[in-house]
Amino acid sequence: MLFIGIDLGTSAMKLLLMEGTGAIVNAVSKEYPLEFPRPGWSQQDPENWRRALLEGVPELLRGFDAGQVAGIGAGGQMHGLVALDREDRVLRPAILWNDGRTAREVDYLNNVVGRERLSRLTANIAFAGFTAPKLLWMRENEPELFHKIAKIMLPKDYINYLLTGVHCTDFSDASGMLLLDVEHRRWSREMLELCGVTEAQMPRLFESYEAVGTLRPEMARALGLPESVVVCAGAGDNAAAAVGTGTVGEGSCNISLGTSGTVFISSEKFGVDPHNALHAFAHADGRYHLMGCMLSAASCNKWLMEDIFQTSDYAGEQEPITAEKLGNNHVFFLPYLMGERSPINDTNARGTFTGLTMDTTRADLTQAVLEGVAFAIRDSFEVAKALGIPIDRSKLCGGGARSPLWRTILANVLNIRLEIPESEQGPGMGGAMLAMVACGLYKDVAEVCARLVRIAEVLEPDPALAARYEARYRQFREIYPAMKGLFPSLL
């Protein structure tokens, strides 16, 4: 049997074809544009996702027996608002996870509705990227479109709708909407009412590994697949990536260095950070997790390399950063290019370089960006430590994880053991593995992870380097509080 994994990312749809044994036999990527109509806004036309699907799947299957495909599973960018009318037509471009237009709505939710009430209803407080503030923004700024909404969906769920005709979502992705009662795995009627929507407008809830349907006849023909192909509910990108790295069960950790950066800590039981600096979400294995999410991670390095340095030679730019320079850089970088979520929750925060002198080099700036992202990830680790969660090791995935230098920096900034999976295919691999469970090839998510996930490399911290980074991290932590009051005046 063959399985298709879909990673609906922010800049591209990545598709992989995977055997039930875990072997990845083909992969295809289809890029699409982002729209930034105003500073801090980020949106995308779902038609581009549909086009990528229709072009990418036939290309993925070329040279293979499509009749062997048993299931499809998707992992996708979270929080995006996809609004459909009564004819299931998209009403407006999807407002994405990294969009910052909802500062007023977030302030209303957190300070008028109240953080304590939100946490009681949804296990989380409001962040600009979440879906509920976007609904409030749309109600206030686009009332005619808002009143035409018949279904509210998330990005990867729109793909599942195209495939099956079913309006569905899964608990892990729904957790990031601020509309789900995470503990009891059901829509919060009180939150829906606050946002001016009804349960009838919401998609049906599934566990990530459950089948939501099979392919619609017209979609099966367009993709060149049998109508019998099972489509599972899939998961939010971070939960899907965690499945792909085997991060399930009690206290397992995964760090993702993708466009955004995440610290993902799986748990057998429901739990909430009392300060709500970490998100409390449902996991794709049917249980729960805590997650810290920074909005700009590998995208910070991409910005510096491609937009500022005008180069695509990432490795070449990192080459001058030799071992003796690590932990000794006097330049610091705040990686808040799109504002920030965990743990500071500040849409006004901005990126800064601090400590520049006349002898600062390109390599110093590159190193500062890599270190700044690592320091910001550690901020979420510090919250977990304060909760009494011991983390001495973590899986590592995402595009940034391909850099040996960045891996070294991260291991020593966090002072933990990093495990690099043999096959790093992120949400797409997790989606395919969830489809295997939906098709009955494996009994549950824990079994498919135990059978298919293998570790290729282990990186241990160096005590001397970790000590140098400890001192640098203490300095880094002083920069944002010193700058916080200035940021709003820069907008």
Side-chain angles (χ1 to χ4, degrees), residues 8-12 32-44 76-81 93-107 110 124-134 137 154-155 176 178 236-238 255-263 277-279 291-308 332-354 365 368-380 398-400 476 479-480 483-484 486-491:
L8 181 67
T10 311
S11 58
Y32 35 70
L34 272 166
E35 301 172 12
F36 302 104
R38 295 188 189 180
W41 290 25
S42 178
Q43 58 189 43
Q44 204 159 53
Q77 49 169 300
M78 297 179 67
H79 315 302
L81 173 58
I95 306 175
L96 300 190
W97 60 274
N98 56 354
D99 185 280
R101 75 185 72 185
T102 59
R104 181 178 298 177
E105 290 75 19
V106 168
D107 181 69
N110 284 334
N124 296 280
I125 60 172
F127 288 78
F130 283 8
T131 317
K134 294 167 184 167
W137 180 92
L154 294 162
L178 204 68
D237 53 4
N238 293 298
I255 298 168
S256 176
L257 274 181
T259 301
S260 61
T262 59
V263 176
L278 299 180
H279 309 322
M291 184 174 73
C293 178
M294 57 183 296
L295 293 179
S296 303
S299 54
C300 290
N301 195 38
K302 184 177 188 293
W303 162 78
L304 183 69
M305 295 298 108
E306 298 182 13
D307 295 345
I308 307 304
F332 291 88
F333 175 71
L334 290 185
Y336 308 146
L337 299 181
M338 295 290 294
E340 188 56 296
R341 265 168 60 177
S342 303
I344 63 172
N345 194 18
D346 187 352
T347 58
N348 295 324
R350 292 295 179 262
T352 69
F353 281 107
T354 305
L365 297 180
V369 167
L370 302 182
E371 290 172 340
V373 171
F375 289 146
I377 286 175
R378 176 159 171 186
D379 283 343
S380 288
F476 172 86
I479 298 172
Y480 168 72
M483 296 287 294
K484 180 179 180 180
L486 177 63
F487 286 135
S489 67
L490 301 178
L491 302 179

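Everything quoted here is computed from the prediction, not taken from an experiment. Heads up: numbering here begins at 1 and tracks the sequence. Side-chain atoms are counted along with the backbone in the values below, which use heavy atoms only and exclude waters and symmetry mates.
- Minimum interatomic distance between S256 and G398 (heavy atoms only, all atoms of both residues): OG-CA, 4.4 Å.
- Counting heavy atoms from C-beta outward, L96 and L34 have side chains that approach closer than 4.5 Å.
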Q. W303 and I308: side chain to side chain contact (heavy atoms under 4.5 Å, CB included), yes or no, with the steps?
A. CA-CA 7 Å; W303 162 78; I308 307 304; 3.7 Å; yes
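- Remark: side-chain polar atoms of S342 are not paired, donor with acceptor, to backbone N or O of M294 under 3.5 angstrom.
- Taking 4.5 Å as the limit, every side-chain heavy atom of L81 sits out of range of all side-chain heavy atoms of W137.
- For the pair I125 and N110, the tightest heavy-atom approach, listed with the atom from each and the gap, is CB-OD1, 3.5 Å.
- H79 contributes atom NE2, which lies 12.5 Å from atom CG of D99 (distance to the nearest 0.5 angstrom).
- Considering CG of L304 and CZ of F353, their distance stands at 5.0 Å, rounded to 0.5 Å.
- At distances below 3.5 Å, at least one donor-acceptor pair connects side-chain atoms of N345 with backbone N or O atoms of A126.
- Between F130 and R341 there is a side-chain heavy-atom pair separated by less than 4.5 Å.
- Between W97 and M78, every side-chain heavy-atom pair lies at or beyond the 4.5 Å cut-off.
- In this structure, Y336 OH and T347 OG1 are separated by 13.5 Å, a value rounded to the nearest 0.5 Å.
- Between F476 and F375, the ring-plane angle classifies as tilted under the 30° and 60° cut-offs.
- F333 and A368 make their closest contact through CB-O, 3.4 Å (heavy atoms, listed as atom of the first residue, atom of the second, distance).
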**Q.** side chain to side chain contact (heavy atoms under 4.5 Å, CB included) between L334 and F487, intermediate numbers included
**A.** CA-CA 12 Å; L334 290 185; F487 286 135; 4.2 Å; yes
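- Rounding to the nearest 0.5 Å gives a distance of 16.0 Å between NZ of K484 and CD1 of I479.
- Listed for the Q44 side chain is a donor-acceptor partner under 3.5 Å among the backbone atoms of P33.
- Panel note: side chain T102, backbone A128; a donor-acceptor pair is recorded below 3.5 Å.
- Within the 3.5 Å criterion, the main-chain N or O of G129 finds a donor-acceptor partner in the side chain of K134.
- Applying the side-chain contact (heavy atoms from CB on, under 4.5 Å) test between T262 and each of D237, L257, N238, I377 identifies N238 as the sole match.
- For the atom pair E371 CD and R378 CZ, the distance stands at 13.0 Å (nearest 0.5 Å).
- Put simply, the side chain of C300 reaches to within 4.5 Å of the side chain of L337, judged on heavy atoms.
- The OG atom of S42 lies 5.0 Å from the CE atom of M338; values are rounded to the nearest 0.5 Å.
- Panel note: side chain E340, backbone L295; a donor-acceptor pair is recorded below 3.5 Å.
- Taking all atoms of both residues into account, the shortest heavy-atom contact from N124 to H279 is OD1-CA, 3.2 Å.
- Listed here is the closest heavy atom pair of A297 and G258: CB-O, 3.5 Å.
- Side chain of Y32 to backbone of A12: a donor-acceptor contact under 3.5 angstrom is found.
- Contact detail for V373 and P335: the closest heavy-atom pair is CG2-CB, 4.1 Å.
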